[in-house]
Each structure stands twice: as structure tokens, then as C-alpha cells.
**Student:** 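Structure in C-alpha cells, see below.
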Amino acid sequence: MKPATSLPRDFYSRPTLQVAQQLLGTRLNRILDGVRLAGIIIETEAYIGEDDLGCHAKAGKTKRTVIMYGPPGHAYVYFTYGMHWMLNTVTEREGFPAAVLIRAMEPVIGINIITARRNGRDTAGPAKLTNGLGIDGCLNGVDLCDTETGLWIEEGFPVSVKDIITSPRVGLENVPEPWKSKPWRFRCSPSGFLTKEENLRR
DNA sequence: AGCACGATGCTCT
DNA sequence: GAGCATCGTGCTT
């Protein structure tokens with residue numbers, strides 16, 4: 001097996017909307033109990049700066065948001081609804097709080113383990129994905145550019161711009177306009193990455 | 001197939 | 001004390 005190569009920090013130190021779209025088709029990797037699990041990222045959302053009232057950073061630098069103010073390429077993992085963990089990648093320059101929420105993936109390595117962790121259910125959903133890969137607060141702040149952390153992202157399948165579906169972010173019911181309707185959610189077809197054979201098998 | 005609701009605890013006001 | 005970048009269940013159509 002060829003050595004794991006994580007996406008470089010330069011990948012993340014760009015405008016968040018660009019990073020959010022380019023993360024589609026990449027492979028999210030996780031070493032859990034010594035076993036490698038991975039999935040292709042198929043949905044993301046951008047959260048950009050203190051002015052974005054849908055972004056946690058609207059409250060400024062707090063204990064929770066401090067990671068978003070740090071260098072790009074790190075994981076911002078937070079807890080919500082009393083039971084769910086969310087995985088984000090920090091973007092842009094250090095000092096500017098922004099991140100991309102990873103919202104859905106298609107399992108490709110360790111599928112049986114991931115599926116078992118999900119009790120047979122899917123991994124299309126931000127909390128479903130972290131549950132399937134065993135991602136929690138212990139990983140908040142880890143460097144995604146370092147494969148030694150057991151959590152990293154590498155190149156996957158190319159996704160052309162025309163295959164990206166753009167829509168408003170979800171779950172922001174009480175966020176004021178224009179932020180509530182910003183088209184900062186990006187999706188691509190889950191089956192587009194798989195071979196014909198793999199598609200037939202499902 | 002779609003919608004309403006309860007779970008459950010941390011973060012910020 | 002209110003609200004939350006959600007999920008699974010159970011009930012209705």
C-alpha cells in the first residue's frame with residue numbers, strides 16, 4: 001500500500017467557498033483502533049468569519065471557537081444537540097475564523113466496520129459521519145495535514161464544477177438574512193465516484 | 001415518503 | 001436559561 005499523503009496546508013489556506021467545493025470528492029481517512037476507515041466527502045458547508053451570523057465565530061474568540069482562529073488545515077470538532085459531534089476543517093489565514101463543515105460521505109474503506117458502527121444506517125449527515133468514523137472531541141484541533149493524528153484528508157475523485165449542487169445551509173432557522181440564505185452548501189452525486197461494478201452491487 | 005417530536009448536555013448570554 | 005451547523009422513531013398520508 002502506498003504511503004498516505006494528506007492534502008497540503010496550502011489547500012486549506014484559500015477562500016473558504018473554494019475549499020468547501022474542492023473538498024468534494026476527496027477522501028476522509030481515520031485510523032480507529034489501528035484500523036483504517038475512509039469515505040469520499042460528498043457534502044460540505046462554508047462558515048466564514050465573525051460577520052457570518054450563521055458561524056460560531058459570530059460570538060468572537062471563545063473557548064469553543066478558538067481553533068477556528070488558528071492555522072488552516074486543523075480540525076474543528078464541536079459538540080451539539082447534547083449528543084452529536086461535528087467535523088470541520090479550518091480554512092483561510094491564521095487569525096481569520098472560518099471553516100468547512102463536512103456534512104456527508106460515502107464509505108470506501110472499512111465499509112463493513114463503518115456500517116456496523118452505524119447499526120446498518122448511512123453516513124450522509126454530519127453527525128452520522130463522525131459516528132461512523134469514531135470522531136469526537138478528542139480530535140478537536142488536530143492537524144489534518146499530519147497523517148500521524150489518525151485523521152487526515154487526501155486526494156480522491158475529481159469533481160467538475162458542473163456536478164456541484166449549491167444550496168442554502170441547513171439548520172440555521174433562527175439566523176437572520178442574508179446569512180440564512182447564503183448558498184454556501186455544496187453537494188455532489190454519491191454514485192458518481194464509484195465504478196459501474198460498484199454501483200451494480202448496491 | 002414525509003413530517004413532527006423528543007433526546008440530551010454544552011456554550012454563551 | 002435559551003438555543004443549538006442533528007438524528008432516529010413513530011405516526012400520518
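In this text the structure is predicted, and so the values were computed from the model without any measurement. Each chain gets a letter, A, B and so on, in the order the sequences are listed, and its residues count up from 1.
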**Student:** Rounded to the nearest 0.5 Å, how far apart are OH of A/Y12 and CG of A/L23?
**Tutor:**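 Answer for the OH-CG pair, A/Y12 versus A/L23, is 6.0 Å.
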**Student:** With under 30° as parallel and over 60° as perpendicular, where do the rings of A/W85 and A/F79 fit, or are they tilted in between?
**Tutor:**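 Geometry flag for A/F79 against A/W85: tilted rings.
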**Student:** Return the minimal non-hydrogen interatomic distance between A/D143 and A/R9, and the atom names on each side.
**Tutor:**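 Closest approach of A/D143 to A/R9: OD2-NH2, 2.7 Å.
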**Student:** Nearest 0.5 Å please: distance from the CD1 atom of A/I153 over to the OG1 atom of A/T89.
**Tutor:**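 Between A/I153 CD1 and A/T89 OG1, I get 5.5 Å after rounding to 0.5 Å.
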**Student:** Assess the side chains of A/S160 and A/D163: does a donor N or O sit below 3.5 Å from an acceptor N or O?
**Tutor:**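 Side-chain D/A pair, A/S160 to A/D163: present.
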**Student:** Using chain A heavy atoms and a threshold of under 4.0 Å, write down where along DNA chain C the contacts begin and end, 5' to 3'.
**Tutor:**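 It runs C/dC4 to C/dT9.
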**Student:** Distance from A/L172 atom CG to A/E177 atom CD, nearest 0.5 Å?
**Tutor:**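 Separation between the atoms: 10.0 Å.
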**Student:** For A/L101, which contact category applies under a 4.0 Å heavy-atom criterion: base, sugar-phosphate, or nothing?
**Tutor:**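 Since a base atom lies under 4.0 Å of A/L101, the category is base.
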**Student:** When all nucleic acid strands are considered with a 4.0 Å heavy-atom cut-off, which category describes A/R118: base, sugar-phosphate, or nothing?
**Tutor:**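 Sugar-phosphate: the residue A/R118, judged by heavy atoms under 4.0 Å, touches backbone atoms but no base.
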**Student:** Take A/K58 and A/V175, measure what side-chain contact (heavy atoms from CB on, under 4.5 Å) needs, and give me the verdict at the end.
**Tutor:** CA-CA 11 Å; A/K58 66 176 185 290; A/V175 171; over 6 Å; no
**Student:** Does the pair A/E154/A/R36 count as a salt bridge with the N-to-O cut at 4.0 Å?
**Tutor:**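 Yes, this pair counts.
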**Student:** According to a 3.5 Å limit on both distances, what stems of 3 or more consecutive Watson-Crick or G-U pairs are formed with DNA chain B?
**Tutor:**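 DNA chain B stems, ordered by first number: B:1-7 with C:6-12, B:9-12 with C:1-4.
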**Student:** Do nucleotides 5-13 of chain B as a string where each nucleotide becomes B, S or -: B if the base has a protein heavy atom under 4.0 Å, S if just the sugar-phosphate does, - if no protein is that close.
**Tutor:** --BBBSSS-
**Student:** With DNA chain C as reference, determine whether A/L129 or A/N174 sits nearer its 5' end, using the nearest nucleotide of each.
**Tutor:**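 Nearest nucleotide further toward 5': that of A/N174.
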**Student:** Any ion pair linking A/E45 and A/R103 (charged N to carboxylate O, less than 4.0 Å)?
**Tutor:**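 Counted as a salt bridge, because a side-chain N and a carboxylate O are separated by less than 4.0 Å.
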**Student:** Contact class for A/G54 (heavy atom, under 4.0 Å): base, sugar-phosphate, or nothing?
**Tutor:**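 Here A/G54 touches the bases of the nucleic acid.
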**Student:** About how many Å separate CG of A/N88 and CD1 of A/I102, when rounded to the nearest 0.5 Å?
**Tutor:**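 One gets 7.5 Å once the value is rounded to the nearest 0.5 Å.
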